[in-house]
Amino acid sequence: MTPDASLLLHWYDHHRRTLPWRAAPGQQADPYHVWLSEIMLQQTVVQTVIPYYQRFLARFPTVDALAEAPQEEVLQLWAGLGYYARARNLHACAQAVHKLRAFPRTVEGLQTLPGIGAYTSRAIAAIAFNIPTVPVDGNVERITARLNAVEDPLPAARPLLARLASHLNDDPAAQARPSDFAQALFDLGASLCSPRSPSCLTCPWRDGCLARARNMAEALPARQKKKARPTRHAILFRVIDPEGRVLLRSRPPEGLLGGTDDLPGTPWSESQSTPSPARLAETAFTRYAPLQAQWEDCGEVKHIFSHFTLLVRIYGCTIPAQSNYPIPPKHGRFRFLKEAVLSSVMKKCLLVGDRHRPVPG
DNA sequence: GATCCGTGGCC
DNA sequence: TGGCCAAGGAT
C-alpha cells in the first residue's frame with residue numbers, strides 16, 4: 001500500500017530533529033554538509049557522528065579544503081569512527097568533486113563517486129537537491145517491511161523492500177517536498193518506528209500499516225541468522241622510549257584498519273591454528289618481539305570487530321635513557337600519541353595496564 | 001549472493 | 001554476558 005505522505009510530513013513538521021548538518025526549515029541544505037554527514041552515518045549512529053562531523057567541518061569548511069588536505073590528516077580526524085575505507089573514499093571523493101567543480105546533481109552522477117552507492121546517492125539527491133527519490137537505508141527498510149508486513153528475512157528481502165519503498169514516492173505530496181520526505185522517513189524510523197518496541201499508537205501511518213494490524217510490527221523485518229564470530233589471538237608489544245613515545249607500525253593502506261597505526265607483534269591468528277598460550281608467547285618473544293627485553297605482562301584486551309573477536313595480550317617494556325637498542329624498521333618507529341592514527345582497538349591496547357604506557361597526548 | 005570492513009550502546 | 005543493531009559500499 002502507499003500511505004498518505006502528507007500525514008508523515010505533518011508529523012515531521014512538528015517533531016523534526018535538529019541535527020548539525022540539517023538546514024533550517026524552508027532552507028536548502030549545503031551539499032557538502034549533506035554528503036559529509038551521510039558518509040559518516042553509514043552504519044553509524046547519530047550520537048557517535050556528531051562530534052566527528054563538527055571537527056571535520058571546523059577543520060575542512062569546504063569540500064575543496066578537504067580535497068587539498070593530506071590523507072594522513074583526514075585519517076587522523078577519522079580515527080575511532082571505524083570502517084576506515086570510508087575515510088579513504090571520502091578523501092578521493094572530495095578530490096573528484098574538486099575537479100568537477102561541484103557535486104553532480106543526479107543520482108547516477110553521484111553514484112559514480114567513490115564511497116557513494118545506491119543509498120547515499122539518493123540521500124544526497126533528495127536532501128541536498130530536492131530530487132524526488134527514496135533513499136532506502138535500514139530505517140526505510142524497516143518501515144517498508146512493517147507497512148507491507150513483509151516476512152521474508154533480510155538480506156534476501158532487500159530488492160523487494162527497495163521496490164516497495166520506491167512507491168512511497170507515488171504520492172504527489174511526497175514529490176512536492178523530497179528533502180523533507182526523506183528526512184521524515186529517517187526521523188520516523190529513529191523515533192516511532194524503531195527496531196524495538198515501536199510506538200504504533202502515535203504513528204502518523206498507523207492506519208494503513210499491515211504489521212500493526214497483525215500485531216507483528218516489533219518482529220519485522222526478519223533477519224537471516226548470522227554465523228558465529230570466530231576468535232583470533234595476538235600478542236602485541238608496547239615499547240616506550242625515554243621520551244614517552246611508543247613504537248608503532250603503519251598498517252597497509254587497504255584492508256582491516258587500513259592506514260591506521262598499530263603495535264608490533266604476532267599475526268592475528270585464527271583460534272584453530274593457535275598453539276597453546278604458552279607456546280604462542282614463546283614464539284612471540286623469539287620471533288616477533290621488536291627487541292630482547294624483560295617483558296612485563298600489561299594485561300589483555302578484548303575487542304569485537306564485525307566479523308571476528310580479537311583477544312590481545314600486551315607485553316611492555318620501557319627503554320632506559322642513554323641506551324641504544326637498535327630496532328629493525330619493520331617493527332615501526334617511535335611516535336607521540338598525537339602524531340598517530342589510532343583505531344579504537346589500538347587505543348585500548350595502548351592504555352591497558354598501568355606500566356609502560358606512552359605519555360598522554 | 002556472500003564476504004569483508006569498526007565501533008559503541010542496549011537489553 | 002553475548003547477540004543485536006546502526007543514515008552501506010566495495011569486491
Side-chain angles (χ1 to χ4, degrees), chain A residues 17 19-22 29 33-53 75 78-90 92-93 110-128 134-143 153-159 162 165 179 182-191 193-197 218-219 221-232 251-260 262 301-310 341-348:
Chain A
R17 287 186 298 172
L19 297 169
W21 45 86
R22 281 190 172 172
H33 298 177
V34 174
W35 164 71
L36 180 59
S37 67
E38 287 299 340
I39 301 300
M40 289 183 166
L41 286 163
Q42 288 169 4
Q43 297 290 286
T44 310
V45 296
V46 164
Q47 288 312 311
T48 300
V49 163
I50 287 176
Y52 282 87
Y53 175 82
L75 262 175
W78 193 274
L81 247 195
Y83 287 134
Y84 296 93
R86 290 186 295 170
R88 233 177 17 250
N89 288 329
L90 184 82
C93 184
L110 287 162
Q111 217 162 312
T112 66
L113 298 171
I116 300 184
Y119 161 76
T120 305
S121 58
R122 287 172 175 80
I124 297 172
I127 298 171
V134 180
V136 185
D137 70 333
N139 288 307
V140 178
E141 279 181 349
R142 184 169 59 255
I143 293 168
L154 290 171
R158 201 147 279 157
S179 177
Q183 295 175 87
L185 287 170
F186 299 155
D187 281 8
L188 183 69
S191 54
C193 198
S194 53
R196 286 188 297 259
S197 55
E218 184 157 18
R223 291 178 189 273
Q224 194 73 254
K225 259 198 221 163
K226 290 164 187 163
K227 60 177 195 180
R229 226 193 307 265
T231 298
R232 300 184 191 180
R251 296 181 65 86
E254 296 186 5
L256 184 69
L257 304 175
T260 65
D262 72 350
V301 168
K302 178 179 182 177
H303 190 81
I304 300 173
F305 289 93
S306 49
H307 52 300
F308 67 92
T309 297
L310 179 66
V341 179
L342 295 178
S343 61
S344 289
V345 60
M346 278 309 136
K347 277 182 188 158
K348 285 192 209 171

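In the text below, chain A, chain B and the rest are named by the order of the sequence lines, each starting its count at 1. These figures come from a predicted structure and were not determined experimentally.
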*asked:* Hydrogens and angles aside, do A:Gln42 and A:Arg86 bring a side-chain donor and acceptor to less than 3.5 Å of each other?
replied: no
*Between A:Glu38 and A:Tyr119, a side-chain donor and acceptor under 3.5 Å*: yes
Could you give the distance from [atom1] ([X]) to [atom2] ([Y]), rounded to the nearest 0.5 Å?
{"X": "A:Leu19", "Y": "A:Tyr53", "atom1": "CG", "atom2": "OH", "result": "10.0 Å"}
{"X": "A:Arg229", "Y": "A:Thr309", "atom1": "CZ", "atom2": "OG1", "result": "5.0 Å"}
{"X": "A:Thr44", "Y": "A:Tyr83", "atom1": "OG1", "atom2": "OH", "result": "8.0 Å"}
{"X": "A:Thr120", "Y": "A:Asn89", "atom1": "OG1", "atom2": "CG", "result": "10.5 Å"}
{"X": "A:Leu188", "Y": "A:Ile143", "atom1": "CG", "atom2": "CD1", "result": "4.0 Å"}

Does [X] reach a base, just sugar-phosphate, or nothing at all? Heavy atoms under 4.0 Å.
{"X": "A:Lys347", "result": "nothing"}
{"X": "A:Pro114", "result": "sugar-phosphate"}
{"X": "A:Trp35", "result": "nothing"}
{"X": "A:Arg223", "result": "sugar-phosphate"}
{"X": "A:Val345", "result": "sugar-phosphate"}

Please report, rounded to the nearest Å, how far the [atom2] atom of [N] is from the [atom1] atom of [X].
{"X": "A:Leu256", "N": "C:dA10", "atom1": "CG", "atom2": "C1'", "value": "15 Å"}
{"X": "A:Lys227", "N": "C:dC4", "atom1": "NZ", "atom2": "C1'", "value": "18 Å"}
{"X": "A:Leu36", "N": "C:dA7", "atom1": "CG", "atom2": "C1'", "value": "13 Å"}
{"X": "A:Asn139", "N": "C:dA7", "atom1": "CG", "atom2": "P", "value": "3 Å"}
{"X": "A:Met40", "N": "C:dA6", "atom1": "CE", "atom2": "C1'", "value": "16 Å"}
{"X": "A:Leu90", "N": "C:dA10", "atom1": "CG", "atom2": "C1'", "value": "16 Å"}
{"X": "A:Gln224", "N": "B:dA2", "atom1": "CD", "atom2": "P", "value": "8 Å"}
{"X": "A:Tyr83", "N": "C:dC5", "atom1": "OH", "atom2": "P", "value": "14 Å"}

*Is a donor-acceptor pair below 3.5 Å formed from side chain A:Thr120 to base C:dG9, judging by atom type as modelled?*
no
*Is the base of C:dA7 touched by the side chain of A:Arg17 through a donor-acceptor pair closer than 3.5 angstrom?*
yes
Restricting to nitrogen or oxygen on both sides, can you table the protein-nucleotides 8-11 of chain B pairs closer than 3.5 Å?
from, atom 1, to, atom 2, distance (Å)
B:dG8, OP1, A:Ser344, OG, 3.3

_Nearest-nucleotide comparison on DNA chain C, the residue closer to the 5′ end among A:Ser37 and A:Asn89_ = A:Ser37
*Name the closest nucleotide to the A:Ser306 side chain, picking from C:dA7, B:dT3, B:dG6.*
B:dG6
*Among the candidates C:dA7, B:dG6, C:dC5, find the nucleotide nearest to the side-chain atoms of A:Pro195.*
C:dC5
*asked:* Looking at C:dA6, I'd like to know if its phosphate oxygens (OP1 or OP2) sit under 4.0 Å from a side-chain N or O belonging to A:Arg142.
replied: yes
*For B:dC4, take OP1 and OP2 only and decide whether either is under 4.0 Å from a side-chain N or O of A:His307.*
no
*Close side-chain approach of A:Leu185 to A:Asn139, heavy-atom, < 4.5 Å*: no
*Residue closer to the 5' end of DNA chain B, A:Gln43 versus A:Pro159 (nearest nucleotide)*: A:Pro159
Using atom [atom1] in both nucleotides, what's the gap between [N] and [M] to the nearest angstrom?
{"N": "B:dG8", "M": "C:dG9", "atom1": "P", "value": "22 Å"}
{"N": "C:dC4", "M": "B:dT3", "atom1": "P", "value": "16 Å"}
{"N": "C:dA7", "M": "B:dC10", "atom1": "P", "value": "15 Å"}

_Interface with DNA chain C, restricted to residues 182-190 of chain A and to heavy atoms under 4.0 Å_ = A:Phe186
*Quick one: list whatever passes salt bridge (charged side-chain N to carboxylate O under 4.0 Å, His left out) with A:Arg223, sequence neighbours left out.*
none
*asked:* Ring centres under 6.0 Å, that's the criterion: do A:Phe305 and A:His303 meet it?
replied: yes
*Name the one of A:Ile50, A:Val49, A:Val46 that satisfies side-chain contact (heavy atoms from CB on, under 4.5 Å) with A:Met40?*
A:Val49
